[in-house]
Engineer: 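Dropping the structure in here first, questions after.
As the structure is a prediction and not an experimental result, all values here were calculated from the model. What you see below is based on every heavy atom in this structure, not just the backbone, and it leaves out hydrogens, waters and symmetry mates. Read the numbers this way: they start at 1 and go in the same order the structure lists the ligands and their atoms.
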Amino acid sequence: MEGLMMNYPLTTNTILEYGNRVFHHKKIITYLPDGTRHEYTFGAMYHRCKKLANALTNKLDINKGDMVGTFAWNHGPHVELYYGVPGIGAICHTINIRLSSHQTEYIINHSEDKVIFVDATLVPLLEKIAPLLETVEHYVLINSPANFKTTLPNTLNYEDLLAEQSENFEWPLLDENDASGMCYTSGTTGLPKGALYSHRATYLHAATIISPNAANFCSQDTALLIVPQFHVMAWGFPYLCLMSGTNMVMPSSNLQPEALIKILEKEKINKANGVPSIWMGIYQAMKKNPPTEKLTLQEYLVGGSALPASLIEAFEKDFGIKGIHAWGMTETSPLGTACRLQSKHEQLSYSEKLKIRAKQGISFPGLELRVIKEDGSLAARDGKSMGELHIKGAWVISSYFKTNNQENFTDDGWFKTGDVCTIDQDGYMEITDRTKDLIKSGGEWISSVALESALMSHPKIREAAVIAVPNKKWAERPLAAIVVADNQDKPSVDNLIEFLSKDFAKYQVPTNYVFISEVPKTSVGKFDKKVLRKQFAEGKLK
Ligand code: AMP
């Protein structure tokens, strides 16, 4: 028997309409690439979304199911695209501005973008590949100064485009399972793959992430959205801000630690997100030049790569700001877990609590996790049994865009993440590695993430990345690539071995160390171990 409830499609339009109806006075503040500040309300943004919908339909000939690319920083117009494009049934395809020209060309041709909305400051990146783009009919320039010159063909100006449109537009009735957005993986192995999000997944992800167990957003908050809109829909934050009435502050390209600290101070931000390297940079800058007044920032949500316990502790002890660890993937919309303590943890010591807080956390309602061991059996939830993390749920992809390749999916309906982890009796998941980054030495697994986290708590170390290097006797041994902290001398190898020996078994402790000026990073700021392996591991048998 079917329930007798209304069929009310969960779409981005319902989020936009709600945000305008209930929180129209809330603000979107943008720091533009030239440093100028722009402020408007959710209500004003709503009217511009309607103008955009008219422009897409009447001027740019965008229809239901068409791909609309964005190549832009975090700012108000990009939020308008997050709503205006799916609002008419088209797909908002956010293109990562940090990929190589070859990958960008591949992604645009593969997705068949009909129009690309591009920031003026990023135009040179597209000019290089424009002759190779097969489906793009128009480029719409955002934030472009008067007399801006470009070799891109068929350009329009975003503001002019909106100015000539009416604010009256009736959203078409959409099915909640229609596609709303798309993001390609960052392609660290092979070509990038498209994750095609639906309205329903986007809605459910945002509604769930608002909760106090996750991002913990409400209408008294002001959030700084550092995670780029060009990567996994900025973790869905532009959607959850409208749902929760949280003021949104967008930094565009002002991503240097000093610039971000200024914005945190000026806008009285209390919540923020970002990858660990951003927060490491902010911490170091604050240490060097402590703010004159205590920041209003209460907590920052971190994911993308592991948040070291040492950074959580240092930020909290020095500045009273809490780091909240989270995990996710492009394929999971992206957030899958977040780590907050529960009442049962209250009696634990600070270091015991810290140990839990450095885990990636518990999953959200609407998702399920399991860990599958090397022999194919289910790992026990004991915090020790390690295996590959599988996930399923309402905002996990069921296949990649335009491919029949199902190698990442199991026959019983799970997505294989490629992450290696444990889950403890309370459901707290801890990533120990990517499957391809694990080190197997003399038949025993060694976690590169655990070693990195420990090394980064050493006072003389800023960054540490650990990779496997071939070894005649043990098959593989760990090698640690170390970046020395500012104004510190190089720690000795003996000192590092002694430091690690406190927490690791002898076979786990690296004896190979190299000192480098910076750990190479991927387009989204993660350690790029592929580059390190090329540099230090390939062809060398020790
Ligand atoms: P992406 O699709 O680019 O967002 O990358 C997803 C991958 O990033 C995951 O499969 C993990 O390997 C890694 N990742 C994300 N969050 C974390 C985290 N909190 N700790 C460790 N690795 C993470």
Engineer: Mark yes when over 12 heavy atoms from residues, nucleotides or ligands other than Asn404 sit less than 6.0 Å from its CG; otherwise mark no.
Structural biologist: no
Engineer: Starting from atom 5 (O) of ligand 1, what is the nearest protein heavy atom, named by residue and atom, and what distance separates them?
Structural biologist: Lys526 NZ, 2.8 Å
Engineer: Thinking salt bridges, do Asp424 and Lys359 make one under a 4.0 Å N-O criterion?
Structural biologist: yes
Engineer: Would Pro334 count as a contact residue for ligand 1, given that I'm defining contact as a non-hydrogen atom of the residue lying under 4.0 Å from a ligand atom?
Structural biologist: no
Engineer: Among residues at least two apart in sequence or on other chains, which ones pass side-chain contact (heavy atoms from CB on, under 4.5 Å) with Val509?
Structural biologist: Ile497, Leu500, Ser501, Phe504, Tyr513
Engineer: Tell me, which protein residue and heavy-atom name are nearest atom 2 (O) of ligand 1, and how many Å apart are they?
Structural biologist: Thr330 OG1, 2.6 Å
Engineer: Is it true that Asp178 and Arg200 make a salt bridge, defined as a side-chain N closer than 4.0 Å to a carboxylate O?
Structural biologist: no
Engineer: Among all the protein's non-hydrogen atoms, which is closest to atom 12 (O) of ligand 1, and how far away is it?
Structural biologist: Asp419 OD1, 2.6 Å
Engineer: Can you pull out the closest protein heavy atom to atom 22 (N) of ligand 1? Residue, atom name and distance to 0.1 Å, please.
Structural biologist: Ser305 CA, 3.7 Å
Engineer: Would you check the N or O atoms of Gln360, main chain and side chain alike, for any that come under 3.5 Å of an N or O of ligand 1?
Structural biologist: yes
Engineer: Is the ring centre of His93 less than 6.0 Å from the ring centre of Tyr184?
Structural biologist: yes
Engineer: Ion pair present between Asp419 and Arg434, side-chain N to carboxylate O less than 4.0 angstrom?
Structural biologist: yes
Engineer: Tell me, yes or no, whether the heavy-atom count around Lys392 atom NZ, taken from other residues, nucleotides or ligands under 6.0 Å, exceeds 12.
Structural biologist: yes
Engineer: Out of Glu430, His325, His231, indicate the one that has the non-hydrogen atom closest to atom 3 (O) of ligand 1.
Structural biologist: His231
Engineer: Looking only at protein heavy atoms, identify the closest one to atom 21 (C) of ligand 1 and say how far it is in Å.
Structural biologist: Ala306 N, 3.3 Å
Engineer: Looking only at distances, can you tell me whether any N or O atom of Ala326, backbone or side chain, sits closer than 3.5 Å to an N or O atom of ligand 1?
Structural biologist: yes
Engineer: Suppose the criterion is side-chain hydrogen bond (donor to acceptor under 3.5 Å, both in side chains): which pairs have a residue in residues 271-280, not counting sequence neighbours?
Structural biologist: Asp221-Lys271
Engineer: If you measure every N/O of Gly304 against every N/O of ligand 1, is any gap under 3.5 Å?
Structural biologist: yes
Engineer: I want to know if ligand 1 touches Gly303 in the polar sense, i.e. an N/O pair below 3.5 angstrom.
Structural biologist: no
